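Just below is one structure, and these are the notes that go with it.
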Amino acid sequence: MTSLAYGDLGEGTPLVLLHGFPFPRQMWQFQHDGLAKELRLVTPDLPGFGESAVSTAAPDLGVMADGVLDLLGRLDLDRVVLGGLSMGGYVAMEILRRRPEVVGGLVLADTKASADPAAGADNRRRMAAVLEEGQNPRVLVHEVLPTLLGETTRQERPEVAQWLRELVEQADPRGAAWAQRAMAARPDSFDTLAQVRVPTLVVVGEEDQLSPPADAQAMVDAVPGAQIAVIAGAGHLSAAEAPDEFNNLVCDFVLEHS
Ligand code: MLT
């Protein structure tokens with residue numbers, strides 16, 4: 001297994017945040033600036049993104065989970081608050097399946113516990129083939145990026161939209177194709193969530209079209225005692241679109257439960 005690149009900032013309770021697709025860990029820029037003042041923030045680049053190499057294994061989110069668990073071992077972190085946004089949430093659920101004891105608290109942002117319907121999985125595999133054939137991330141800019149941001153961000157914060165577009169344009173097409181194939185194969189995670197016995201916060205942008213508030217509520221209903229926070233004026237990338245609200249929610253949650 002190749003070691004994951006990562007950021008490690010601040011001191012205190014360790015919070016590990018797993019980024020969404022198709023971004024590198026720089027997606028957490030506003031969390032690096034905000035949350036790392038209050039706690040220790042570890043942000044891996046998942047395999048095939050940012051500075052982490054594309055995996056040579058068959059596409060499977062378990063490979064990403066194993067990479068994160070390997071990193072926690074290298075950092076001597078045996079229990080952390082684990083957070084994931086969208087694809088990062090899917091990976092967090094894989095970690096819960098493998099090593100639930102490392103998760104002392106859980107933050108699931110703009111993600112869902114259901115598997116893809118057949119048409120959605122087919123679309124991911126089509127996109128993976130386009131990425132592999134074209135060897136450029138154009139299809140991500142044209143087909144994925146427009147679905148990520150909420151209407152409010154598109155209208156009122158074009159600089160955020162531009163920043164995220166630049167990150168997408170830097171995506172390695174091989175890494176993005178691998179991740180699409182891995183996400184297409186992911187299982188339903190409701191049974192996994194029903195086993196969770198640690199404090200859990202589910203965050204969702206009110207304008208999230210990919211993992212809308214109904215998906216967030218379904219996860220809250222699955223995890224005993226979970227709480228939900230809906231962020232107004234944010235879409236699927238709530239951490240980047242409404243960073244102050246996101247940071248306050250997550251910081252309060254982590255400090256309250258540490
Ligand atoms: C993400 O933001 O990570 C993606 O929207 C996940 C997905 O495609 O399901």
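Numbering of ligands and ligand atoms starts at 1, following listing order. Computed from a prediction, not measured in an experiment: that's the story for all the values here. Hydrogens, waters and symmetry mates are skipped; everything else that's a heavy atom, side chains included, is used.
For ligand 1, the atoms sitting less than 4.0 Å from at least one non-hydrogen atom of His236 are 1 (C), 2 (O), 4 (C), 5 (O), numbered in the order shown with element in parentheses. For ligand 1, the atoms closer than 4.0 angstrom to any heavy atom of Leu210 are 5 (O). Each of the following atoms of ligand 1 lies closer than 4.0 Å to a heavy atom of Gly20: 3 (O). Within ligand 1, the atoms closer than 4.0 Å to a non-hydrogen atom of Arg124 are 7 (C), 8 (O), 9 (O), numbered from 1 in the order shown. The contact set between ligand 1 and Met87, taken as ligand atoms under 4.0 Å from a residue heavy atom, comprises 1 (C), 3 (O), 6 (C).
Comment: Asp122 does not engage Arg126 in a salt bridge, judged by the lack of any side-chain N to carboxylate O separation of less than 4.0 angstrom. A salt bridge does not link Arg186 to Glu94: none of the charged side-chain nitrogens sits closer than 4.0 Å to a carboxylate oxygen. Note on Arg125 versus Glu132: no salt bridge recorded, every NZ/NE/NH1/NH2 to OD/OE distance being 4.0 Å or above.
The closest approach between any non-hydrogen atom of Phe23 and ligand 1 is not below 4.0 Å.
Residues Val16 and Pro44 approach most closely at CG1-CD, 4.1 Å, considering heavy atoms.
For atom 4 (C) of ligand 1, the nearest protein heavy atom (residue, atom name, distance) is Ser86 OG, 3.1 Å. The nearest protein atom to atom 3 (O) of ligand 1, hydrogens excluded, is given as Phe21 N, 2.6 Å; this is a heavy-atom distance.
Within 6.0 Å of the CD atom in Glu11, the count of heavy atoms belonging to other residues, nucleotides or ligands does not exceed 12.
Taking the six-membered ring for Trp and the full ring otherwise, Phe30 and Trp163 have centroids separated by under 6.0 Å.
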